[in-house]
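What follows is a set of notes on a single structure, which appears directly below.
Order of the sequence lines fixes the chain letters, A, B, ..., with proteins taken first and strands second; residue numbering starts at 1 for each chain.
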2 protein chains.
Amino acid sequence: MAERSAASAKPIRTALNDDDGIDFALIELFFFAYRDFTSDPDEMLADYGFGRAHHRILHFVNRRPGLTVAELLDVLKITKQSLARVLKQLIDAGHVIQVQGPRDRRQRELYPTAKGRTLALDLARPQSRRIREALREAAPSDREAIERFLKAMVNPELRPQIDNLP
Amino acid sequence: MAERSAASAKPIRTALNDDDGIDFALIELFFFAYRDFTSDPDEMLADYGFGRAHHRILHFVNRRPGLTVAELLDVLKITKQSLARVLKQLIDAGHVIQVQGPRDRRQRELYPTAKGRTLALDLARPQSRRIREALREAAPSDREAIERFLKAMVNPELRPQIDNLP
DNA sequence: AATTTATGTCAGTCATGTTGACATATTTTT
DNA sequence: AAAAATATGTCAACATGACTGACATAAATT
C-alpha cells in the first residue's frame, strides 16, 4: 500500500504524559501561571490604550531610572524600531522623559515622570498581591527555592542583567 | 506658576525598589524566566514556519487527544477565528487531524498524527531539560513548593483545567 | 579628517490576536 | 414536525507588537 497522504494519517489516541520522560506538569503550570500573572496589568493597560510592551518599558525605566535606549534594548531583547513606537507613546503621554546624557551627549537617558511612577506602581500592585497570596502558606525556605528555580531558568549569560537591578 | 506640560515634567531619579512594598524581585524573575523558557521551542518552530500559537495547540492536542474545538478554545482563551487560521495550518501540514465526534456529530475531535506527536515531543524536550537542570540541586520538597506556588498563581476558577490534564 | 557609535526614522512585512456578521449541520426543545 | 439552540466554519476588517532593511544625524573616538 502506498504511503498515506498527510490528510488521512491515523489519529493517535493515547495522551502524552510524564512517562514520556518530559516534565509536562511543570511546563503547563508555568504556562498557566504566567498567563494569569500578566492578565491583571493587561486589563488595566487597556484603559490607557497601552499594551504589554508599554508595561515592560515603564517597568524598567522605573527600576533603573536614567538607563539609556541601548541598555533598554538589551534588557528587552527587541529591535530599536520596535521600541521606538511604543516609547514615543509613553513620552507623548508624559509617563517617560528623555534627558541628554551628561557624559556622552549622544545618549538619551530615560526617566519616569511622577505620572509614570504612579502608573508603574499601579500596574505592579496586583502582580505583587498575586505573588504574596501565592506564597501565603509558604515557608521562607520555600520562597528561596522558588527564587533559585526561577533564576536557574534564565539563560546563564543573561543572569548578570538580573543582578543589575536594585 | 502654571502646571507643567507633560513634556517638561521633572524626571524622577530614584529607582523603584522592594521598599515600595512591591515584590519586584519575583516579578522580574518570573518575566525573565518565562522569556527564556519559551525561547528554545520558538527557535525550533521558526524552522517549520510555525509560531508559539502552533506550539500551544499542538501541545494540548497531544496532552488531551480527542479534545473538541470548544474545549481547546476554553483552554487557550482565544477566539475561534484566531484558532482557526493556526489550526488549519497544523491540519494541512499533517500534524493534527479532525475526527467527527461519535456521540455528537457536530463536534470535531482533534488528534495528533505520528508527525504531530514527534514534533510535540521535540518541542517539549528542551523545556523539560531546562526545568530538570534548574531543579538539579533542589530537594524534592523544593519541587513541591515550586509546584504549589505556580498553581497558586493561577486564577482559582481555572485550576480545575490544570487538574484535567493527565 | 575619517570612522564608529547612539539614536531616530521611514517603509514594508508578518504573526497573532480582536470584533462582528453570517452559513451550515446537527441536536435539543417545544 | 417545527423551532430553537449549539458546534463549528468562514469572511472581512482591524490592532498590536514584533521583524528587516535602508538611511540620516549628531557626537565621540581614532
Between the side chains of T68(B) and R108(B), does any donor sit under 3.5 Å from an acceptor? no

Does a distance-only test, which skips hydrogens and angles, find a donor-acceptor pair under 3.5 Å between the side chain of R106(A) and the base of dT5(C)? yes

Between T79(B) and dT18(C), is there a side-chain N or O to OP1/OP2 distance below 4.0 Å? yes

Can you tell me how the ring of F30(A) sits relative to the ring of F30(B), calling it parallel under 30°, perpendicular over 60° and tilted otherwise? perpendicular

When you check the phosphate oxygens OP1 and OP2 of dC19(D), does a side-chain N or O of S82(A) lie under 4.0 Å from one of them? yes

Out of dG17(C), dC23(D), dA7(D), minimum distance to the side chain of K80(A) belongs to dC23(D)

5′-ward residue of the pair Q81(B)/E71(A) relative to DNA chain C: E71(A)

May I have the distance from L67(A) (atom CG) to dA6(C) (atom C1'), rounded to whole angstrom? 14 Å

Atom pair CG/CG of D36(A) and D42(A) - distance to nearest 0.5 Å: 10.5 Å

Check for me, please, whether V96(A) and I12(B) land in the same ILVMFWY cluster - side-chain distances under 4.5 Å, paths through other members count. no

Nucleotide dT5(C), atom C1' - distance to CD of Q107(A) in whole Å: 10 Å

D92(B) CG - dG9(D) C1' separation (whole Å): 14 Å

Out of dT18(C), dG17(D), dT27(C), whichever nucleotide has its closest atom nearest the side chain of I78(B): dT18(C)

What is the distance from CZ of F50(A) to C1' of dT16(D), rounded to the nearest Å? 14 Å

Could you check Q100(A) against V86(A) and say which one's nearest nucleotide on DNA chain D is further toward the 5' end? V86(A)

L90(A) CG to dT16(D) P, in whole Å, measures 13 Å

Whole-Å gap separating C1' (dT16(C)) and CD (Q89(B)): 10 Å

Closer than 4.0 Å, any side-chain N/O of R105(B) to the OP1 or OP2 of dT27(C)? yes

Describe the nucleic acid contact of K77(B) in one word from base, sugar-phosphate, nothing, applying a heavy-atom distance below 4.0 Å. sugar-phosphate

Describe the nucleic acid contact of Q98(B) in one word from base, sugar-phosphate, nothing, applying a heavy-atom distance below 4.0 Å. sugar-phosphate

Look at the side chain of R85(B) and the base of dG9(D), then say whether one donor and one acceptor between them are separated by less than 3.5 Å. no

Round to a whole Å and report the spacing from CD of E43(A) to P of dT18(C). 13 Å

Would you kindly give the CG-to-C1' distance between L83(A) and dT20(D), to the nearest whole Å? 16 Å

Would you tell me if any nitrogen or oxygen in the side chain of H54(B) comes within less than 4.0 Å of OP1 or OP2 on dA15(C)? no

Test ring-ring contact (aromatic ring centres under 6.0 Å, His included) applied to H95(B) and F50(B), step by step: CA-CA 12 Å; H95(B) 290 100; F50(B) 289 164; 5.5 Å; yes

